[in-house]
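Since the structure comes first, as structure tokens, the remarks are kept for the end.
Just so you know, these numbers come straight off a predicted model, no measurement behind them. Positions are given from 1 along the sequence.
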Amino acid sequence: MKNKFILIILIFVGILKAQDKNESYSFSLQQAIDHALEHNYSAINANRDIASAKQKKWETTAAGLPQISGSANYLNNFDFTLQGISGNAFNPSGSPDDISLVAFGTKQSMNSGLTLSQLLFDGSYIVALQAAKTYLRYFENAKQKTNTEIREMVVNAYGNVLLAEESVAILEKNKATLSKTLGDTEETFKNGLIEEENVEQLQITLASINSNLSNAQRLQNVAMKMLKFTLGMEINDDLTLTDKLDALSLSNLELAFSQDEFLATNNINYQIATNFTQQRSLELKLQKSKALPSLGAALNFGYNSFSNDFSFADKDQKWNKFSNLGVSLSVPIFSSFGRQAKTQQAKIALEQAKTLLTQTEQQLKLQYEKAKSEYEFSVEEYATNKSNLNLAERIERKQQIKFTEGLSSSFDFSEAQRQLYTAQQNYLQSMVNIINKKAALEKILNKN
């Protein structure tokens, strides 16, 4: 019995561990973008906005379609409302100044019916239908803008993780190389062939590398969690990046890409501004439509019954049928110029929207020129930093040989090392810059 109990506990613990097991993912940059477009929190809510806008569109459409409503009413008069009648109509022998009290109705009554109503004409309804389409298109554009922003965020976050990984790898390599050099230098010092200052200088450099390595490892952890958050993943899930920084940077070296013709109309911000202008135009049409008449019709059908006792469920209870058809026409005649004031406000709002559209177009042209310039500079900077890295590596190797042979001081060697480490970081950063700047340019050009 005891063994069975222990077995049940172990199975239960195993189930809990299986439930708590983290998911594992392996993504290239494009796969990461595709995952984020589906699972990013902003993307999910953008899809919900579109679904809500579709329901709003149908709500507006349904307002002009036939409406059916039913009603049922029951009334029990505990005490009748009395009406006074002057004169002697109910008592001929009475005084003409007498007041007779009478009660109308029955003790209990019930009625039920159906009403069919239909809007025949209303100018504001026609405008509302057009506005509902514009309303939906706005959220579709907003979704597209969200997608472009998510794509750029994923590119930046993915690149930051690769940069952190490469930084850690280079610092670990530098640490291993310097540790070996320091060990050799300490042995040489013990043999009395160099001064202690040479050892101390290398120890200072190694301490600096250790500090930078610890910081880079922390940044790598933060960058990875930020990428997971951007992708809409649990930050404790396992994620492996399959693309490499150098390969991504080379694939983004397209100077011809920055020569593409820029059309502001292709940019999603311009399309949203256009959508806003359309909304203002419809608001103006709505104010003008309020000067038109509106026409509606309603068909009523039902039954009512009266009784002094609650006998409405009896099969011999008499029910009286009623039905009627009504048509209503409303014609606005004079509003003390209130409608005219609202129409003028709508005209002003439309002119403001048109000005905003022009402003947006000019801003996008400036943003394109800026993004294009920054991308071209990142390509040039990459080439320069790559050349500088090759030079720094040669200089550091020469200084290391001279230092081990006693032909140069530890200061010269340390300076060459610092120059190399700076060149390494600049080269890594230039690769990330190419990826990020191209993503920013693609965002302006509305390229996916």
Side-chain donor-acceptor pair under 3.5 Å between Tyr158 and Asn156, yes or no? no
Between Ser26 and Thr242 the two heavy atoms that sit nearest each other are OG-CG2, 3.1 Å
Quick check: do Thr240 and Tyr25 have side-chain heavy atoms less than 4.5 Å from each other? no
Audit row: Arg218, Asn221, side-chain hydrogen bond (donor to acceptor under 3.5 Å, both in side chains) steps and yes/no: CA-CA 5 Å; Arg218 289 191 294 268; Asn221 181 52; over 6 Å; no
Please answer whether the main-chain N or O of Thr360 pairs with a side-chain N or O of Gln362 as donor and acceptor at a distance below 3.5 Å. no
Closest non-hydrogen contact found for Ala32 with Leu231 is O-CD2, 3.1 Å
What's the spacing between Lys57 NZ and Ser52 OG if we round to 0.5 Å? 14.0 Å
Is a side-chain donor or acceptor of Ser249 paired with a backbone partner of Asp246 at a separation under 3.5 angstrom? yes
Would a distance-only check, ignoring hydrogens and angles, find a side-chain to backbone donor-acceptor pair under 3.5 Å from Ser387 to Ala383? no
Is the backbone of Ile204 close enough, under 3.5 Å, to the side chain of Ser208 for a donor and an acceptor to pair up by distance? no
Give the intermediate values and the outcome of side-chain contact (heavy atoms from CB on, under 4.5 Å) for residues Glu376 and Lys372. CA-CA 6 Å; Glu376 291 174 345; Lys372 174 185 173 184; 3.4 Å; yes
Around Gln203, counting heavy atoms of other residues, nucleotides and ligands shown, do more than 12 lie under 6.0 Å from its CD? yes
Side-chain heavy-atom pair Ser112, Asn73 within 4.5 angstrom cut-off: no
Testing the basics here: between Leu292 and Gly123, what is the closest heavy-atom pair and its distance to 0.1 Å? CD1-CA, 4.4 Å
How far does NZ of Lys290 sit from CD of Gln287, to the nearest 0.5 angstrom? 4.5 Å
Measure the CD-CE distance between Gln429 and Met431 for me, rounded to the nearest 0.5 Å. 10.0 Å
Does atom OH of Tyr138 have more than 12 heavy-atom neighbours, drawn from other residues, nucleotides or ligands, at distances under 6.0 Å? no
Taking atom types as modelled and ignoring hydrogens, do the side chains of Asn426 and Glu381 form a donor-acceptor contact shorter than 3.5 angstrom? no
Given the rule in the salt bridge (charged side-chain N to carboxylate O under 4.0 Å, His left out) test, do Glu140 and Lys143 qualify, once you have shown the distances and angles that lead to the verdict? CA-CA 5 Å; Glu140 290 173 341; Lys143 174 63 167 68; over 6 Å; no
If you count every heavy atom of other residues, nucleotides or ligands that lies below 6.0 Å from Phe337 atom CZ, does the total exceed 12? no
Applying salt bridge (charged side-chain N to carboxylate O under 4.0 Å, His left out) to Lys175 and Glu172, what does each step give before you reach the verdict? CA-CA 5 Å; Lys175 177 182 177 180; Glu172 288 176 342; over 6 Å; no
Decide yes or no on side-chain contact (heavy atoms from CB on, under 4.5 Å) for Glu361 and Leu364, but give the supporting numbers first. CA-CA 5 Å; Glu361 182 179 7; Leu364 289 172; 5.8 Å; no
Does Asp243 use its side chain to pair, donor to acceptor, with the backbone of Leu29 at less than 3.5 Å? yes
List the steps and the verdict of side-chain hydrogen bond (donor to acceptor under 3.5 Å, both in side chains) for Gln271 and Asn267. CA-CA 7 Å; Gln271 294 170 13; Asn267 187 277; over 6 Å; no
Check the pair Glu374 / Lys370 against salt bridge (charged side-chain N to carboxylate O under 4.0 Å, His left out), numbers first and verdict last. CA-CA 6 Å; Glu374 290 179 348; Lys370 181 174 180 291; 2.7 Å; yes
When you look at CD of Glu200, are more than 12 heavy atoms from neighbouring residues, nucleotides or ligands closer to it than 6.0 Å? yes
Give a yes or no on whether Lys437 atom NZ has more than 12 heavy-atom contacts from other residues, nucleotides or ligands under 6.0 Å away. no
Taking Asn266 for its side chain and Asn446 for its backbone only, find out whether a donor-acceptor pair lies under 3.5 Å. no
Measuring only between side-chain heavy atoms, which start at C-beta, is Arg137 closer than 4.5 Å to Gln278? yes
Can you say whether the rings of Phe301 and Tyr303 are parallel (under 30°), tilted (30 to 60°) or perpendicular (over 60°)? perpendicular
Given the rule in the salt bridge (charged side-chain N to carboxylate O under 4.0 Å, His left out) test, do Arg151 and Glu442 qualify, once you have shown the distances and angles that lead to the verdict? CA-CA 10 Å; Arg151 184 183 185 281; Glu442 287 177 336; 2.8 Å; yes
Thr343 OG1 to Glu283 CD distance, which is reported to the nearest 0.5 Å: 12.0 Å
Taking all non-hydrogen atoms of both residues into account, name the closest pair between Leu37 and Ala43 and its distance. O-CB, 3.5 Å
Donor-acceptor pair, Asp237 side chain versus Glu23 backbone, under 3.5 Å? yes
Roughly how far, to the nearest 0.5 Å, is the CG atom of Leu282 from the OH atom of Tyr135? 14.5 Å
Under a 3.5 Å distance rule, please check whether Ser430 uses its side chain to pair with a backbone N or O of Tyr427 as donor and acceptor. yes
Taking the six-membered ring for Trp, are Phe27 and His35 parallel (under 30°), tilted (30 to 60°) or perpendicular (over 60°)? tilted
Kindly indicate, with the supporting measurements, whether the criterion side-chain contact (heavy atoms from CB on, under 4.5 Å) is fulfilled by Tyr382 and Val432. CA-CA 9 Å; Tyr382 168 78; Val432 173; over 6 Å; no
Pair Asn300, Thr115 - check side-chain hydrogen bond (donor to acceptor under 3.5 Å, both in side chains), show working. CA-CA 4 Å; Asn300 295 288; Thr115 299; 2.6 Å; yes
Sequence neighbours excluded, every pair satisfying ring-ring contact (aromatic ring centres under 6.0 Å, His included) that has a member inside residues 194-248: Tyr41-Phe229
Apply side-chain contact (heavy atoms from CB on, under 4.5 Å) to Arg339 and Lys342, showing your working. CA-CA 5 Å; Arg339 285 194 305 273; Lys342 290 183 178 180; 5.7 Å; no
Would you say Tyr375's side chain and Asn433's backbone share a donor-acceptor pair under 3.5 angstrom? no
Between Leu295 and Ser328, what is the shortest heavy-atom contact and its length? CD1-O, 3.3 Å
Would Gln424 and Asn174 count as a side-chain hydrogen bond (donor to acceptor under 3.5 Å, both in side chains) here? Give the steps. CA-CA 10 Å; Gln424 290 171 338; Asn174 292 340; 2.8 Å; yes
Nearest heavy-atom approach of Ile444 to Ala371 is CG1-CB, 4.3 Å
Tell me if a side-chain donor or acceptor on Asn111 pairs with a main-chain N or O of Tyr74 at a distance below 3.5 Å. no
More than 12 non-hydrogen atoms from neighbouring residues, nucleotides or ligands closer than 6.0 Å to CE on Met226, yes or no? no
In the structure I gave you, are the side-chain heavy atoms of Asp184 and Thr404 within less than 4.5 Å of one another anywhere? no
As an exercise, state the distance from CG of Leu407 to CZ of Phe413, rounded to the nearest 0.5 Å. 13.5 Å
